[in-house]
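Note that this is a predicted model, so its numbers are computed, not measured. To find a chain, count down the sequence lines: A is the first, B the second, and so on, and within it residues start at 1.
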2 protein chains.
Amino acid sequence: MVTIRDVARLAGVSVGTVSNVLNKSNKVKPETAKRVMEAVKELNYVPNTIAKSLKTNKSNVVGVLVEDICAFSSSTIIDGICAECDSREYVVNLANLRINTMVNHFSPKTYQTLVENGHFKNAVNSSINALLSARICALIYIGAHPRDISGILPKLNIPVIYAYCYGKNGDCCVNYDDFQGAKLAVEYLIKQGHTKIALISGPLDSVPAQKRLKSYKETLKEYNIPIYEEYIRYGDWGYDYAYRECINLINLPNPPSAIFSMSDVMAYGVIKALNDNGKKVPQDVSVHGFDNIESSWYMNPPLTTVKLPLWEVGNTAAKKVFEILENQGQNQKDILIPCTHIIRNSVNKI
Amino acid sequence: MVTIRDVARLAGVSVGTVSNVLNKSNKVKPETAKRVMEAVKELNYVPNTIAKSLKTNKSNVVGVLVEDICAFSSSTIIDGICAECDSREYVVNLANLRINTMVNHFSPKTYQTLVENGHFKNAVNSSINALLSARICALIYIGAHPRDISGILPKLNIPVIYAYCYGKNGDCCVNYDDFQGAKLAVEYLIKQGHTKIALISGPLDSVPAQKRLKSYKETLKEYNIPIYEEYIRYGDWGYDYAYRECINLINLPNPPSAIFSMSDVMAYGVIKALNDNGKKVPQDVSVHGFDNIESSWYMNPPLTTVKLPLWEVGNTAAKKVFEILENQGQNQKDILIPCTHIIRNSVNKI
DNA sequence: TTGTAGGCGTTATCAC
DNA sequence: GTGATAACGCCTACAA
């Protein structure tokens, strides 16, 4: 590899001068600078960031620790991070915990067990050490699902940002706005004339499910629509439970005219259950999703849903990193980014 | 940050000794080694890979340049790479070209234009430089779609592996097997009793489309089934064209009993077209997909399709990197990993 | 305006 | 077995 020394030799100057022009110090005569830059081009010199970091004791690499890169949300979040880092000539160091595989591997259904038995913490520590060893200047942790992960990460002396998950009080967390997103859905259903609006919720120990449920209830209340407990059903974010719960809903003496499903996948199960029971969507029953996963456009009918600002979550997290690094930290610890509404054809006016 | 020097001081030995125990040299007295390790623990010492790389002139970071991390294939491939790197204590440096955004941004529909006008090459060079600057020890390039990208990358003096894309002759490329995958589908259709098998192909300038088309024709020939040119239709991998072409197929005087779509998304369009024209899948017409994107399980009916070995492509690419780095390069340049068959409910026996 | 030299945290080569 | 010390490539005083 060609070094600053080779450049200096070719340009007929000293290494100090080369360093100065490379770092845009303006105490170099333009003529000398030009000669140096020519040598750089000619030799195809690429600065050794390694050596630079060692000297300056700060690196230009941000560590990204992702719980599972295969989660539907992860790649878009990472994309948002990369975009910001690119534009600042920072580099991304990626570590993947593969938590979904771990969950399968160790068989407990929930993260909780994994956390309690220590396997998860071990994996995290080992990844963190690798990242630390590479001297990352900041860490962004990306959850596979928005939940409280406080207590998972060891104390670090670099800035840490939680993206798509929650830390303890005082930690800097960037998330989408569950409450506002759910309100988008419920309000829309109401404005389309629905008052009998059922809910297929995620499990109650899930943070997003709690927030969206709260939003569902408060929004109905806001519009003076009574809340029927039998309209509120619980799934596990998956297809099968949603299918089953939807059938329970249909069989109610006073069945709903619209079903708000807290995930698109559950909405698929709902639509299937409806179709299997001779009901057409949206003519007979309206269905509203949440997540806007890619396939929802292809569903029959195309699913009306709520889009998560995933790219923005990642991008904002990265921006936050640089804010802190540059000491402009305005201490806005908890950032909530609004969702947007994707209107397609699964909801009818009543 | 605590250094090797601090450890040495606490353990009452020299830095050289600490370095030796850290690098598992066995010329250190076990007793001394123990003392050192205790100091490491106590001080929470994390080795500075940066400094180590500078000295040894080799890094433990593999660069991953991905055309678009949001492509459906990318995250699983990256996961496969990460898994291998993790187990060897290597670290992944990720750069994302965001090519799909670029294509939108600069409006040409195909990569070709982007390549020709130089925008793409600029982006690549700038990313490569950032990676090089971080002194990656090898590069894995991940395509957004399997195509020939030779001429895109500058000449590098580190090992380069092409994953999910093709380089020039002599380059090391890791891909799934298009021919074998398509054969899986066509052969299955035949064995279910179909002989009138139509094809919705991808565009002919696409490498996978060419290979799968070849496979389609050769497999039919192998089973002595005549090839009807009017059964071969061309889409653009997307929903709409597939929908339209399927209608053309239905209106043929002798319509097919099965349709092999070269992508799952196109299969969705096919199913919709069939349904809209009063045909049931699979009772009236069988539909076979290709890709096994996540949503295909949720389709109605769940789609029978071909699964791409994406994780294995990434994992093999990473393994190849280490083979080369360790000079065991067996010079197997072109690696093709077989697809697997996912049988669900969109194909009927005849 | 430019050159020189010390040191960032390691490893490796010698002595001892 | 262990300890001193010279690099690795770069930046930054400080000297010239």
Peer 1: Give me the first and last nucleotide of DNA chain C, going 5' to 3', that has any atom under 4.0 Å from a heavy atom of chain B.
Peer 2: C:dG9 to C:dA12
Peer 1: Kindly check if the number of other-residue, nucleotide or ligand heavy atoms within 6.0 Å of CZ (B:R5) is above 12?
Peer 2: no
Peer 1: Can you name the nearest heavy-atom pair linking A:P146 to A:Y166, along with the distance?
Peer 2: CB-CE1, 4.0 Å
Peer 1: Classify the side-chain pair B:N315/B:K319 by whether it contains a donor and acceptor separated by less than 3.5 Å.
Peer 2: yes
Peer 1: What's A:S53 touching, base or sugar-phosphate or nothing? Going by heavy atoms closer than 4.0 Å.
Peer 2: nothing
Peer 1: Hey, what's the ring geometry for B:Y162 with B:Y141, parallel, tilted or perpendicular (30° and 60° as the breaks)?
Peer 2: tilted
Peer 1: Tell me, which pairs form a side chain to side chain donor-acceptor pair (under 3.5 Å) where one or both residues lie in residues 29-49 of chain A, sequence neighbours left out?
Peer 2: A:T49-B:S133
Peer 1: Should B:T17 be listed as having a side-chain N or O under 4.0 Å from OP1 or OP2 of D:dT2?
Peer 2: no
Peer 1: CG of A:N169: more than 12 outside heavy atoms within 6.0 angstrom?
Peer 2: no
Peer 1: Of all heavy-atom pairs between B:L131 and B:A95, which one has the smallest distance, and what is that distance?
Peer 2: CD2-CB, 4.0 Å
Peer 1: For B:V15 versus B:A8, what's the shortest heavy-atom pair and its separation?
Peer 2: N-CB, 3.8 Å
Peer 1: Within the 4.0 Å limit for protein heavy atoms, which parts of nucleotides 8-16 of chain D are touched? Write it as a string from 5' to 3', B for base, S for sugar-phosphate only, - for none.
Peer 2: BBBBB----
